[in-house]
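Encoded as structure tokens, the structure appears first; notes follow it.
Nothing here was measured: the structure is a model prediction, and the numbers come from that model. Remember, it's 1-based here, ligands and their atoms both numbered in the order they're listed.
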Amino acid sequence: MLRLPPFRYHRPRTVAEAVELVGEHGHENGHAMYIAGGTDLIPNMKHRLFTPPHLVALGGIAELRGIREEDGHLRIGAAETLAGVAADPRVRERYPALAEAAGHVAGPQLRNMGTIGGNLCLDTRCTYYNQTAFWRGALGYCLKKDGDVCHVTGVGKKCVAAHSADTPPVLMTLAATIVLVGRSGRREVPVGDFYVADGIANTRREAAEVVTEVRIPLASARRRQGYVKLRQRKSIDFPLLTVAVAAELAAGGIVEAIEGVVTGLGARPRVLSGWAEVASGRALDDEVIDELAARAHAQCRPLENMIVDAEWRRAMVSVYVRRALEQVRAA
Ligand SMILES: Cc1cc2nc3c(=O)[nH]c(=O)nc-3n(C[C@H](O)[C@H](O)[C@H](O)COP(=O)(O)OP(=O)(O)OC[C@H]3O[C@@H](n4cnc5c(N)ncnc54)[C@H](O)[C@@H]3O)c2cc1C
Ligand code: SF4
């Protein structure tokens with residue numbers, strides 16, 4: 001049986017109190033950590049990937065709840081559950097790809113507990129990291145936790161664990177932003193700028209900062225959206241590859257704007273480049289879809305950071321990009 005390490009559980013009622021608690025108990029080296037649904041943090045603690053002596057719970061903070069229209073945006077509180085986001089009629093109507101992505105995270109029980117804030121802050125994943133302490137110790141640990149070499153690259157310079165959350169790529173194609181509140185105040189960052197290419201710590205979130213909400217422009221609802229996910233079992237698994245696409249099409253299906261984002265490969269979601277040059281002013285027909293899929297394939301080189309064959313995953317990039325684009329065309 002895997003047991004939890006000992007910790008003290010704090011239940012703040014406001015964001016300010018939560019930030020203060022993490023500041024007070026020391027956010028350096030994960031001394032105090034936020035916990036939302038706990039669906040990722042608790043297994044990680046059982047694996048001794050994190051052993052924070054203090055957990056600051058976000059579930060009892062009313063400010064972090066609620067989905068509502070505000071200043072030309074749909075505002076989703078960070079503590080809203082994935083099941084709630086997936087079922088919300090405004091999300092389903094305006095941002096169907098987000099409803100799909102939230103509705104395809106893990107399984108029903110985990111979506112009832114897991115939150116959108118936790119999904120945005122999800123730790124990166126790797127075959128050599130998401131294991132028990134005993135398993136990792138037998139291999140001499142690795143750069144991301146307790147060791148000094150990366151078993152994927154064979155050198156000790158960089159961690160290439162994979163960003164594995166489903167909603168961020170979709171939120172990027174919808175031009176969404178994240179609101180963070182910390183000891184030095186409030187700031188808002190585009191979801192695309194929130195992530196960095198470092199598997200050890202892949203967000204720009206400072207340790208004491210709380211993600212309080214996600215804001216999606218109402219104007220993004222006019223974008224046609226597509227979302228597809230590759231995973232081992234359709235019922236529960238993390239993505240091996242996620243593709244999100246959004247496009248604005250004029251009369252006759254002519255592309256005015258188009259964006260594609262993939263994740264599950266490297267430490268941050270990746271915007272596929274050069275799509276506007278290929279597709280702008282053309283109909284989204286089979287030829288354009290093939291060209292975009294070929295571009296995606298050329299840009300993505302999955303690593304051996306997951307349990308499946310990297311070359312197969314690469315082959316699946318063009319297949320899944322094509323499927324996402326076909327969804328956009330049919331939307
Ligand atoms: C079997 C299994 C399958 C899964 N499959 C998927 C999948 O297919 N796709 C997927 O995306 N995820 C998957 N997950 C991971 C997880 O369930 C989801 O990502 C979920 O959204 C995490 O949210 P949470 O509220 O439970 O986060 P928690 O576990 O509570 O927290 C995760 C991390 O985020 C931090 N955090 C949480 N909320 C905030 C906040 N508001 N501000 C600042 N920091 C915060 C925590 O400190 C912690 O570091 C799976 C998990 C399991 C166990
Ligand atoms: S990519 Fe390398 S350093 Fe990062 S978790 Fe995997 S083995 Fe460890």
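- A donor and an acceptor atom, one from each side chain of Glu259 and Thr173, are nowhere located under 3.5 Å apart.
- If you check which protein heavy atom lies closest to atom 31 (O) of ligand 1, you get Leu41 CB, 4.2 Å.
- Of the candidates Leu180, Val214, Ile236, Ile236 brings a heavy atom nearest to atom 3 (C) of ligand 1.
- Side chains of Thr124 and Lys144: a donor-acceptor N/O pair is present below 3.5 angstrom, by distance only.
- Distances below 4.0 Å separate heavy atoms of Glu209 from the following atoms of ligand 1: 43 (C).
- Closest heavy-atom approach to atom 39 (C) of ligand 1 within the set Leu58, Val211, Thr39: this belongs to Leu58.
- Assignment of Arg111 to the shell around ligand 1 is not supported, since no heavy atom sits closer than 4.0 Å.
- Ile307 CD1 to Phe238 CZ: the interatomic distance, rounded to the nearest 0.5 Å, is 14.0 Å.
- Remark: the Tyr129 side chain and the Asp123 side chain contain an N/O donor-acceptor pair separated by less than 3.5 Å.
- For atom 18 (C) of ligand 1, the nearest non-hydrogen atom of the protein is Asn119 ND2, 3.7 Å.
- For a distance bound of 2.8 Å, the N, O or S atoms of Cys126 include one lying that close to atom 6 (Fe) of ligand 2.
- Annotation for ligand 2: atoms under 4.0 Å from non-hydrogen atoms of Tyr128 are 7 (S).
- At the top of the distance list for atom 9 (N) of ligand 1, counting protein heavy atoms only, stands Asp166 OD2, 2.6 Å.
- The distance from the OG1 atom of Thr212 to the CD atom of Glu63 is 8.5 Å, given to the nearest 0.5 Å.
- Side-chain N or O atoms of His163 include none that pairs as donor or acceptor with a backbone N or O of Tyr195 at under 3.5 Å.
- Counting non-hydrogen atoms of other residues, nucleotides and ligands closer than 6.0 Å to OH of Tyr9 gives a total above 12.
- Comparing heavy-atom distances from atom 2 (C) of ligand 1 across Asp237, Val210, Leu110 singles out Leu110 as nearest.
- Aromatic pair His31/His25: ring centres not closer than 6.0 Å.
- Atom 48 (C) of ligand 1 has its closest protein heavy atom at Tyr34 O, 4.2 Å.
- Atom-to-atom distance recorded for Leu240:CG and Asp309:CG is 11.5 Å, nearest 0.5 angstrom.
- Nearest-heavy-atom check against atom 32 (C) of ligand 1 across Gly118, Gly38, Pro239 picks out Gly118.
- Hydrophobic clustering (ILVMFWY, side-chain heavy atoms < 4.5 Å, transitive): Leu272 and Leu241 are in one cluster.
- Set against the non-hydrogen atoms of Lys144, the atoms of ligand 2 under 4.0 Å away are 3 (S), 5 (S).
- The protein non-hydrogen atom at the shortest distance from atom 36 (N) of ligand 1 is Cys121 CB, 3.9 Å.
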Passes side chain to side chain contact (heavy atoms under 4.5 Å, CB included), Val170 versus Thr167? Steps please.
CA-CA 5 Å; Val170 177; Thr167 65; 5.7 Å; no
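- Taking only nitrogen or oxygen atoms, main chain and side chain alike, Gly37 reaches within less than 3.5 Å of ligand 1.
- To the nearest 0.5 Å, the span separating CD1 on Ile61 from CD on Glu17 amounts to 7.5 Å.
- Expressed to the nearest 0.5 Å, how far OG1 of Thr127 lies from CD of Glu304 amounts to 8.5 Å.
- Close approach of ligand 1 to Ala165 (heavy-atom distance below 4.0 Å) involves ligand atoms 11 (O).
- Look at Arg90 and Glu69 and you find no salt bridge, because none of the NZ, NE, NH1 or NH2 atoms lies under 4.0 Å from a carboxylate O.
- Counting atoms of ligand 2 from 1 in the listed order, those under 4.0 Å from a heavy atom of Val160 are 1 (S), 4 (Fe).
- Ligand 2 places these atoms under 4.0 Å from at least one heavy atom of Tyr129: 5 (S).
- Using a 4.0 Å cutoff on heavy atoms, Ser164 counts as a contact of ligand 1.
- Distance check, rounded to the nearest 0.5 Å: CZ of Arg186 to CG of Leu180 gives 9.5 Å.
- For atom 13 (C) of ligand 1, the closest non-hydrogen atom of the protein is Phe238 CE2, 3.2 Å.
- Judged purely by atom type and a 3.5 angstrom limit, Arg313 uses its side chain to pair as donor or acceptor with the backbone of Gly264.
- Atoms of ligand 1 found under 4.0 Å from any heavy atom of Ala36 (numbered from 1 in listed order, with element): 25 (O), 30 (O), 37 (C), 38 (N).
- The single protein non-hydrogen atom nearest to atom 12 (N) of ligand 1 is Val105 CG1, 3.5 Å, given as residue, atom name and distance.
- Nearest protein heavy-atom neighbour of atom 4 (Fe) of ligand 2: Cys159 SG, 2.4 Å.
- Of all the atoms in ligand 1, the ones that sit under 4.0 Å from a non-hydrogen atom of Asp40 are 29 (O).
- Between Arg322 and Asp286 no salt bridge is recorded (no basic side-chain N to carboxylate O distance below 4.0 Å).
- Heavy-atom contacts of Gly114 reach the following atoms of ligand 1: 23 (O), 24 (P), 25 (O), 26 (O) (cutoff under 4.0 Å).
- Checked by distance only, ligand 1 and Ile42 stay at 3.5 Å or farther apart across all their nitrogen or oxygen atoms.
- No donor-acceptor pair under 3.5 Å is formed between the side chain of Arg233 and the backbone N or O of Asp237.
- Contacts between Lys229 and ligand 1 below 4.0 angstrom, taking non-hydrogen atoms only, involve the side chain exclusively.
- Per-residue contacts place Leu143 under 4.0 angstrom from the following atoms of ligand 2 (heavy atoms of the residue considered): 3 (S).
- Of the protein's non-hydrogen atoms, the one nearest atom 2 (Fe) of ligand 2 is Cys150 SG, 2.4 Å.
- A continuous path of ILVMFWY side-chain contacts below 4.5 Å connects Val245 to Val321, so both sit in one hydrophobic cluster.
- Counting atoms of ligand 1 from 1 in the listed order, those under 4.0 Å from a heavy atom of Met33 are 49 (O).
- Proximity of Ala161 to ligand 2 is established by a heavy-atom distance of less than 4.0 Å.
- Applying the 4.0 Å criterion to heavy atoms of His151 picks out, from ligand 2, the atoms 2 (Fe), 7 (S).
- Less than 4.0 angstrom separates some heavy atom of Leu82 from each of these atoms of ligand 1: 20 (C), 21 (O).
- Only one option out of Glu256, Glu277, Glu291 pairs with Arg282 in a salt bridge (charged side-chain N to carboxylate O under 4.0 Å, His left out); it is Glu291.
- Residue contacts with ligand 1, taken as heavy atom pairs separated by less than 4.0 Å, do not involve Ala79 at all.
- Within the 2.8 Å limit, Cys142 places no N, O or S atom next to atom 4 (Fe) of ligand 2.
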